[in-house]
Amino acid sequence: MFSQDIGYVLRRGVAEIIVEDELSELLRSGKKLRLKEGFDPSFPDIHLGHMVSLRKLHQFQELGHQIVLIVADWTAQIGDPSGMSATRPILSMEQVKANAETYMKQFFKIVDRKRTEVRWQSEWFGKFTLNDIIQLTSKFTIAQLMAREDFSTRYSAGRPITMTELLYPLLQAYDSVAIQADVEFGGTDQKFNLLVGRELQSMVGQRPQQIFLVPILTGTDGSQKMSKSLGNYIGVAEPPEEIYGKVMSIPDSLIMDYFESVTDVPDEELEEFGQGLKSETINPMVLKKRLAREIITQLYDQQAAAEAEEHFVKVFQKREVPEEIKEYHVHLSAGIGLRDVLVETHLARSRSEANRLIAQGAVSIDSEKVTNNVAPVQSGSIIKVGKRRFAKVINADIITS
RNA sequence: GGAGGGGUGCCGGAGUGGUUAAUCGGAGCAGACUGUAAAUCUGCCGCCUGAAAGGGCUACGCAGGUUCGAAUCCUGCCCCCUCCA
């Protein structure tokens with residue numbers, strides 16, 4: 001396994017390490033390191049973008065180190081100021097717990113549970129007093145905080161910044177102190193926060209943590225960073241078919257980045273891929289298929305990957321009907337329109353939408369294109385909308401009578 | 001305390017009395033094409049009704065008002081932001 005190799009771990013899919021020499025030395029010293037990873041319980045779903053750093057954590061685990069996963073139940077209430085995140089609703093304790101559970105289920109798909117320690121921010125922030133806050137805040141100046149790009153751009157653009165947002169990096173930094181982190185992981189957009197952690201640790205006499213930054217993965221739209229709110233994400237908990245399809249839909253320009261960041265396909269092979277793409281001797285589609293298989297194999301297994309591929313080939317490349325189609329029981333009384341059937345089978349959200357779909361020629365029944373609402377639907381009919389949405393209609397009246 | 005700016009459809013953002021269900025961009029959906037659910041091109045993109053043509057209803061922070069007619073004018077209320085102090 002390549003991940004056993006320190007050199008590989010420090011090089012592959014890494015954006016920046018602060019301070020690289022120190023980290024390298026620490027790794028070779030044989031000391032068991034505490035690797036910090038935080039998670040905001042407002043967003044319990046993990047996608048490929050998160051997987052980049054989680055894979056790194058896993059690689060460190062394989063080298064014998066300890067992960068400390070922090071459930072950021074306090075800072076979640078503030079919201080990371082990166083981007084223009086609006087004030088978010090404050091989560092109830094139950095929600096936080098439920099989200100944490102969802103998160104960990106996905107987290108441990110990638111990371112080894114045995115070498116992970118889970119800590120809640122409330123363990124230390126629950127006891128925080130005003131005095132502690134004053135102590136903490138007096139260590140930093142506005143100028144220091146405004147050095148962060150997010151803040152300064154927002155400030156000069158006349159957009160609001162709340163005091164609590166300014167507090168966010170400090171609290172995150174304090175987490176590092178509380179758990180005595182040796183290394184903290186994050187995307188490049190976390191650089192500022194992680195540096196504050198370093199600073200605070202040295203102020204209180206701890207050895208400053210090393211900072212391990214991974215590249216931000218671009219979403220399936222090919223332009224913005226992968227995020228759930230933008231809808232351009234591939235979730236690690238999604239079914240294999242869905243992951244496969246989404247990988248196939250990324251723009252060709254992203255192929256190499258994905259291979260680099262979320263797979264362990266050896267560098268030499270990636271070199272070949274890159275050359276092939278440039279000289280157009282490799283069909284990008286073939287690489288995307290490989291990429292999809294690699295990702296699904298990590299999250300599920302090889303068989304799931306093979307099945308997802310089969311499904312894709314069948315439905316999208318050959319335009320055939322998939323094996324498994326969701327069935328819906330519909331009352332096929334005389335005079336029921338196709339529109340109603342589309343709504344009943346969730347293929348259309350409203351009858352107006354169903355109208356449009358029919359008018360656009362998107363609907364077919366048993367492979368026959370349908371052009372109006374009076375088309376006959378029978379029990380057992382397979383209705384297809386667009387390229388990929390299918391439903392099988394079962395006459396509910398037959399079942400019940 | 002003072003001055004000013006703003007709340008529009010999933011998001012961003014036009015629109016200051018009249019074919020405005022509301023320019024445009026993004027997202028989404030569909031069609032064509034294709035080497036892919038890439039790219040590109042085209043269309044659609046509130047709800048209900050109709051086989052269709054069409055018809056109806058609801059919408060521009062909230063509540064009233066002016067008017068033949070309002071997202072656009074007036075009044076009150078709620079909310080957000082900036083600057084000065």
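Here the structure is a predicted model, which is why all the values come from computation and not from measurement. Every chain is numbered from 1 and lettered A, B, ... according to where its sequence line falls, protein lines coming before strand lines.
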**Report entry** Pair A/Phe107-A/Phe39, ring-ring contact (aromatic ring centres under 6.0 Å, His included): steps then yes or no
**Finding:** CA-CA 10 Å; A/Phe107 185 80; A/Phe39 119 79; 8.0 Å; no
Query raised in the report: Any side-chain heavy-atom pair from A/Tyr300 and A/Ile243 closer than 4.5 angstrom?
Result: yes
[X] [atom1] to [N] [atom2]: how many Å, rounded?
X	N	atom1	atom2	result
A/Asn355	B/G54	CG	P	13 Å
A/Ile358	B/G31	CD1	P	13 Å
A/Glu353	B/C47	CD	P	7 Å
A/Ile282	B/U36	CD1	C1'	15 Å
A/Gln317	B/A37	CD	P	7 Å
A/Lys384	B/A30	NZ	P	11 Å

Report task. Answer yes or no: is there an ion pair linking A/Lys31 with A/Asp182, defined by an N-O contact shorter than 4.0 Å? Result ->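 Answer for the salt bridge query: yes.
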Counting only side-chain N and O atoms of [X], is one of them less than 4.0 Å from OP1 or OP2 of [N]?
X	N	value
A/Arg389	B/A30	yes
A/Arg319	B/U36	no
A/Ser350	B/C48	yes
A/Arg351	B/C47	no
A/Ser249	B/A38	no

Distance check, [atom1] atoms only: [N] and [M], in whole angstrom units.
N	M	atom1	value
B/C79	B/U66	C1'	26 Å
B/C41	B/G56	P	38 Å
B/U23	B/U34	C1'	33 Å
B/U42	B/C60	P	33 Å

Report task. For the pair A/Asp132 (side chain) and A/Thr129 (backbone), establish whether a donor and an acceptor sit closer than 3.5 Å, ignoring hydrogens and angles. Result -> yes
Query raised in the report: Short question: side chain of A/Asp366, backbone of A/Ser381 - any donor-acceptor pair under 3.5 Å?
Result: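 No.
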Query raised in the report: Taking N and O atoms by type only, does the side chain of A/Gln360 place a donor or acceptor under 3.5 Å from a partner on the base of B/G43?
Result: yes
Query raised in the report: So does A/Asn373 reach the base of B/G50 with its side chain, donor to acceptor, closer than 3.5 Å?
Result: no
**Report entry** Pairing partner (Watson-Crick or G-U wobble, both distances under 3.5 angstrom) of B/U82
**Finding:**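 Result: B/A3.
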Report task. Please determine, for the side chain of A/Arg339, which listed nucleotide (B/U36, B/C45, B/A51) has the closest atom? Result ->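 Of the options given, the side chain of A/Arg339 lies nearest B/A51.
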Query raised in the report: On RNA chain B, nearest-nucleotide positions of A/Met285 versus A/Asn372: which is more 5'?
Result: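 The answer here is A/Met285.
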